[in-house]
Amino acid sequence: MALIQFITMSQRTKIKALLTGEHVGTEVTVKGWVRAFRQNRFIALNDGSTNNNIQIVVDFENTDPALLKRITVGAAISVTGTVIASLGQGQTVEIPAATIEILGDSDPEKYPIQPKKHSLEFLRENAHLRFRTNTFGAIFRVRNTLAFAIHQFLQDRGFVYLHTPIITGSDAEGAGETFHVTNFDLNNIPKTDTGEIDHKQDFFGRSTNLTVSGQLEGELGAMALSDIYTFGPTFRAENSNTTRHLAEFWMIEPEMAFYDLKDNADLAEAMLKYVINAALEKNKEDLEFLNQRLAEEEKQKPQNERSELSLLDKLQFCLSNDFVRISYTEAIDILRDSPANKKKKFQYLIEGWGADLQSEHERYLVEKHFKKPVILTDYPKDIKSFYMRQNDDGKTVAAMDILFPGIGEIVGGSQREERLDRLEQRMDELGIPKDELWWFLDTRRFGTCPHAGFGLGFERLVLFVTGMGNIRDVIPFPRFPKNAEF
RNA sequence: UCCUGAGUAGCUCAGCCGGUUAGAGCAUCUGACUGUUAAUCAGAGGGUCGCUGGUUCGAGCCCAGCCUCAGGAGCCA
């Protein structure tokens with residue numbers, strides 16, 4: 001009953017439905033925002049249900065001039081009329097307006113979005129209005145599909161969506177700089193006798209910060225529910241100024257009991273393919289638009305910087321090919337023997353085993369050598385986190401990074417160290433306070449078992465699927481150094 | 001945080017070797033036209049040249065500091 005009421009309450013037809021042509025001959029009411037008003041006669045109207053506009057035809061000779069003047073770019077209007085097959089070229093259907101109502105005016109002198117190309121920088125500064133452009137409409141519909149598809153994929157496999165805390169008490173994970181959480185009066189912070197900040201007087205009675213990862217709490221869930229995932233905001237206070245970092249971003253962190261590293265990689269690869277396929281199926285028009293947008297952007301670039309595949313080809317290629325799986329050690333061999341290394345083209349030359357891979361090395365492997373997504377495994381333990389499972393060689397850990405062309409690391413994960421003695425020994429070596437993580441160590445004390453998990457950077461995924469170049473353009477309101485507008 | 005580049009009209013950009021009244025296209029406004037698709041034609045309005053200081057007879061242009069943005073690097077997802 002309530003559902004039926006809800007459906008009939010919305011007294012208008014969405015443009016996506018109108019453009020199918022099935023309403024021809026029937027009277028409809030359509031509501032949306034004016035994208036263009038040409039020749040005092042043609043309104044291009046968009047309501048966000050699709051990237052395409054419906055054409056409204058105005059009988060301007062019999063319409064109040066005062067009303068015509070209010071049909072401006074950006075204005076919200078409601079139109080009633082009978083859908084007909086279009087009399088002109090360029091669209092299949094159109095609506096001769098019987099009545100037009102202005103719902104919200106838009107002062108053309110002040111409205112910043114014009115029916116022309118705007119730079120992404122300009123639109124970023126107008127993030128509150130950029131949804132009204134074709135590009136951002138497409139991006140955020142694709143983003144929505146990807147988010148939903150992730151839930152669908154994991155839910156279909158019996159994973160439990162677990163909400164791990166946003167405010168955490170421990171900074172012991174070493175996953176990066178954190179934002180502090182406090183309700184202290186910052187102009188009058190309580191101090192101890194020795195002059196240090198007295199966290200005992202703070203809201204939580206201790207030092208707290210915004211989460212940098214839900215993994216450790218996620219592991220606690222997996223140690224009872226078997227397969228869990230988190231999908232929530234994550235915060236890093238690093239002063240990162242790049243096209244692939246945000247201070248606030250969304251991360252998916254599946255954590256699975258009884259999974260080893262291979263199971264972990266299998267799941268990540270299947271999930272990435274599933275969600276990319278979902279976008280291709282559900283957002284065909286949006287991706288075609290983004291494909292075109294990227295193609296035009298690429299035309300501006302010199303030949304050698306253009307990508308070989310179009311966006312759609314790249315996504316399709318990703319679906320129909322297995323990701324390459326090699327170990328860190330094999331990767332070092334490839335890089336050391338590469339022409340780029342021998343000709344000293346790398347800024348950081350590969351000399352031996354043990355160093356972390358630089359961006360240029362990852363890009364070489366993914367974009368030049370293999371030309372497809374690469375899963376790198378078994379990194380030296382010294383460049384990875386304490387919780388990763390130590391391999392029998394004594395040198396490496398069961399880590400995996402998935403590298404995507406143009407994006408770099410999109411997934412970082414590992415099989416976890418489930419052996420208490422090995423874990424504690426590693427924490428001691430790295431100076432990680434065991435007492436603060438007593439609850440984490442308890443999982444290894446009571447019914448420990450092999451398990452694994454990974455973190456997928458959601459915006460990096462959206463970046464890849466939409467073909468956009470800057471991560472700040474695939475999240476509605478980006479947070480980055482010196483910027484928290486909107 | 002480091003390196004490189006940029007900041008001129010609402011937007012995108014030009015502006016020579018430092019020279020007197022800073023330009024164009026689009027947008028906006030006025031008028032014309034009316035089956036358009038980034039409509040077209042004519043005209044008009046619109047500027048703290050990022051900020052502060054300095055050099056100079058004179059600074060959009062040169063110098064210093066700062067702010068912001070972009071691209072690359074690091075950190076990572």
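At a threshold of 4.0 angstrom between heavy atoms, the contacts of Phe480(A) are confined to the sugar-phosphate backbone, with no base atom among them. Contacts of Gln55(A) with the nucleic acid, taken as non-hydrogen atoms under 4.0 Å apart, include base atoms. Residue contacts for Gln114(A): at a heavy-atom cut-off of 4.0 Å it reaches a base atom on one of the strands shown. When heavy atoms are screened at a 4.0 angstrom cut-off, Val411(A) is found touching the sugar-phosphate backbone but no base atom. Counting non-hydrogen atoms under 4.0 angstrom, Pro108(A) reaches the backbone sugars and phosphates but no base. Nucleic acid contact for Gly455(A): sugar-phosphate only, since backbone atoms but no base atoms lie under 4.0 Å from a heavy atom of the residue. Counting any heavy atom pair closer than 4.0 Å across all strands shown, Lys384(A) reaches no nucleic acid atom. Within the 4.0 angstrom heavy-atom criterion, only backbone atoms of the sugar-phosphate kind lie near Glu409(A); the bases stay farther away. Among the heavy atoms of the strands lying under 4.0 Å from Thr242(A) is at least one base atom, whether or not backbone atoms are also near. Within 4.0 Å of Ile410(A), counting heavy atoms only, lie sugar-phosphate atoms of the nucleic acid but no base atom. Across all strands shown, Asn483(A) has heavy atoms under 4.0 Å from sugar-phosphate atoms exclusively, and none from any base. Arg472(A) comes within 4.0 angstrom of the backbone, heavy atoms only, and of no base. Contacts of Glu485(A) with the nucleic acid, taken as non-hydrogen atoms under 4.0 Å apart, are absent.
Comparing A73(B), G35(B), C29(B) by their closest approach to the side chain of Glu109(A) singles out C29(B).
Regarding contacts with the backbone of A70(B), a side-chain N or O of Arg124(A) is found under 4.0 angstrom from either OP1 or OP2. Taking only side-chain nitrogens and oxygens, Arg38(A) comes nearer than 4.0 Å to OP1 or OP2 of A39(B). At A70(B), none of the side-chain N or O atoms of Thr243(A) fall inside 4.0 Å of OP1 or OP2 (strictly under the cut-off). Contact check, Arg244(A) against G71(B): no side-chain N or O comes under 4.0 Å of OP1 or OP2. In this structure, Lys116(A) does not reach the U37(B) phosphate: none of its side-chain N or O atoms is under 4.0 Å from OP1 or OP2.
Looking at heavy atoms from C-beta onward, Trp33(A) lies out of side-chain contact with Ser106(A) at the 4.5 angstrom threshold.
Classification of C63(B) as anti follows from a glycosidic angle more than 90° from 0.
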Can I get a per-line list of side-chain donor-acceptor pairs under 3.5 Å for residues 246-255 of chain A, giving both atom names and the distance, sequence neighbours left out?
from      : atom 1 : to        : atom 2 : distance (Å)
Glu253(A) : OE1    : Gly214(A) : N      : 2.7
Glu253(A) : OE2    : Ser213(A) : OG     : 2.9
Glu255(A) : OE1    : Arg416(A) : NE     : 3.4
Glu255(A) : OE1    : Arg416(A) : NH2    : 2.8
Glu255(A) : OE2    : Arg416(A) : NE     : 2.9

Worksheet entry | Pair assignment for RNA chain B - dot-bracket with | for other-strand partners, Watson-Crick or G-U under 3.5 Å | (((((((..((((.....[...)))).(((((.......))))).....(((((..]....))))))))))))....
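For the pair Lys371(A) and Phe317(A), the NZ or CZ position fails the cation-pi test of under 6.0 Å to the six-membered ring centre and within 45 degrees of the ring normal. Both tests do not hold together for Lys117(A) against Phe122(A): distance to the six-membered ring centre under 6.0 Å, angle to the ring axis within 45°.
Below 30°, between 30° and 60°, or above 60°: for Phe159(A) and Tyr259(A) the angle between ring planes is above 60°, a perpendicular geometry.
Arg70(A) places no side-chain N or O within 3.5 Å of a backbone atom of Ala66(A) that could act as its donor or acceptor partner.
Interface remark: the Gln91(A) side chain does form a donor-acceptor pair with the U37(B) base, using a distance-only criterion of under 3.5 Å.
Taking the 5.5 Å centre cut-off and the 30° plane limit, the aromatic side chain of Phe249(A) is classed as stacked on A77(B).
A donor-acceptor pair shorter than 3.5 Å can be found between the side chains of Ser86(A) and Glu94(A). A donor-acceptor pair shorter than 3.5 Å cannot be found between the side chains of His451(A) and Gln415(A).
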